[in-house]
Amino acid sequence: MKSRKFKTKKKFGQHILISEGVIKNIADQIHITPEDIIVEIGVGTGQLTEELLKRNPKILYGIEIDPETYPIIEEKFASYQNFILIKKDFFEVNLRQLSEGEKIKIVGNLPYNVASLILVNMPFYLKIINLCVFMLQKEVAEKLTAKPETKSYTFLTVFLNTYFEIHYLMSVPARFFRPPPKVTSAVVKMIPKKDVPQFDVKGYKNFVSKLFHERRKMLRSKIDEKLLEKAGIEPEKRVEQLQISDFINLYTEYLKGKHKSKN
Ligand SMILES: C[S@@+](CC[C@H](N)C(=O)[O-])C[C@H]1O[C@@H](n2cnc3c(N)ncnc32)[C@H](O)[C@@H]1O
């Protein structure tokens, strides 16, 4: 296999998953049908891609930034009519253009240096997502599934859990990768919630992110007490004590206040 000749690069967060068992397990989680449009973020040398293609989706778009992988990928998947390599940085791809009006399943053993940024993009694509299965640094996976009043409960927890049901599927030890990363990894599954707030995602993202600055401070020092009262939140509380529903109520009240002051 060509991957032996391929020299991984740190700058692209390249850690090739070599455990067949884990690769199969990730592919199983996606429950691929012949109607599925799959998007894989970070194809690398294509081990996971191959397992996904074996399950015969309608189409698999593989996004990869590293030009050195392109000849390997193109040779390996030359016979697959349903595979399209997108030779781009993920952040330059508009997933809506790949979805063709249908829902997509997104999968990836994500480059850890930009994994959080990739995750933060997902709520913006909520309407076209069927599900996501991602390999992440375990620490990030723990943030995604954290409960209030824990250290792992952060902006990322709140922003993503507002829009997705998130399940921690398994931990993956470093020895299952070449080269092994310095940290343990974990696989998570994210399913879009049916009942999500309809306000602007970007404004909400910035609002939650600001609230998490100086997280130990009482909310009344960061936000108008009247607003807290309207949202049913005690002003002495700290941001890390709020439930997801509190953030949604608070931003809803904030928008109402903003709307009133405009009129
Ligand atoms: C952890 S490796 C996973 C490789 C392979 N899918 C596997 O499971 O072994 C992450 C892959 O994402 C690619 N990558 C890194 N940054 C990227 C970006 N911004 N856009 C697209 N691909 C990226 C890397 O080049 C690398 O191939």
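Both ligands and their constituent atoms are indexed starting at 1 by order of listing. Side-chain atoms are counted along with the backbone in the values below, which use heavy atoms only and exclude waters and symmetry mates.
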**Asked** In Å, rounded to the nearest 0.5 Å, how long is the span from CD1 of Ile223 to CD1 of Ile233?
**Response** 7.5 Å

**Request:** Check side-chain hydrogen bond (donor to acceptor under 3.5 Å, both in side chains) between Tyr163 and all other residues, then give those that pass, not counting sequence neighbours.
**Result:** none

**Prompt:** Got an N/O contact under 3.5 Å between Pro111 and ligand 1?
**Reply:** no

**Prompt:** How far is atom 26 (C) of ligand 1 from its nearest protein heavy atom, and which residue and atom is that?
**Reply:** Gln14 CG, 3.5 Å

**Asked** Which atoms of ligand 1 are found less than 4.0 Å from any heavy atom of Glu40?
**Response** 6 (N)

**Request:** Could you tell me whether Lys88 approaches ligand 1 through its side chain, its backbone, both or neither, with non-hydrogen atoms closer than 4.0 Å?
**Result:** backbone

**Gly42-ligand 1 polar pair, N/O distance under 3.5 Å** = yes

**Fill in**
In ligand 1, the atoms that come under 4.0 Å of a heavy atom of Leu17 are 7 (C), 8 (O), 9 (O)

**For Gly44, the ligand 1 atoms whose distance to one of its heavy atoms is below 4.0 Å** = 4 (C), 27 (O)

**Prompt:** Salt bridge or not for Arg220 and Glu236, using N-O below 4.0 Å?
**Reply:** yes

**Message:** So, applying side chain to side chain contact (heavy atoms under 4.5 Å, CB included) with Phe164, which one of Leu126, Ile191, Leu119, Leu131 is it?
**Reply:** Leu126

**Asked** Does the pair Lys230/Glu253 count as a salt bridge with the N-to-O cut at 4.0 Å?
**Response** no

**Contact atoms of ligand 1, heavy-atom distance to His15 under 4.0 Å** = 1 (C), 2 (S), 3 (C), 9 (O)

**Prompt:** Short list, please: which atoms of ligand 1 are under 4.0 Å from a heavy atom of Gly13?
**Reply:** 1 (C), 2 (S), 10 (C)

**Request:** Indicate yes or no: does an N/O atom of Asn109 lie under 3.5 Å from an N/O atom of ligand 1?
**Result:** yes

**Prompt:** What residue and atom, counting heavy atoms only, is the protein's closest point to atom 15 (C) of ligand 1, and at what distance?
**Reply:** Phe12 O, 3.1 Å

**Fill in**
The option among Ile65, Thr69, Asp89 carrying the non-hydrogen atom nearest to atom 14 (N) of ligand 1 is Ile65

**Asked** Under 4.0 Å between a Lys/Arg side-chain N and an Asp/Glu carboxylate O for Lys7 and Glu68?
**Response** no

**Message:** Regarding Asp28 and Arg55, does a basic nitrogen lie under 4.0 Å from an acidic carboxylate oxygen?
**Reply:** yes

**Asked** Is Gln47 near ligand 1, meaning one of its heavy atoms is under 4.0 Å from it?
**Response** no

**Prompt:** Is the backbone of Leu211 close enough, under 3.5 Å, to the side chain of Lys222 for a donor and an acceptor to pair up by distance?
**Reply:** yes

**Asked** What protein heavy atom sits nearest atom 25 (O) of ligand 1, and how far off is it?
**Response** Glu64 OE2, 2.6 Å

**Asked** Is the number of heavy atoms from other residues, nucleotides or ligands within 6.0 Å of CD (Gln81) greater than 12?
**Response** no

**Prompt:** For ligand 1, which atoms, with element, lie under 4.0 Å from some heavy atom of Phe90?
**Reply:** 18 (C), 19 (N), 20 (N), 21 (C)

**Prompt:** What's in the same ILVMFWY side-chain cluster as Phe12, cut-off under 4.5 Å, chained through other members?
**Reply:** Ile65

**Prompt:** Is it the case that more than 12 heavy atoms not belonging to Glu102 sit under 6.0 Å from its CD atom?
**Reply:** yes

**Asked** If you measure from each non-hydrogen atom of Val43 to ligand 1, which part falls under 4.0 Å: side chain, backbone, both or neither?
**Response** backbone

**Message:** I want to know if ligand 1 touches Ile41 in the polar sense, i.e. an N/O pair below 3.5 angstrom.
**Reply:** no

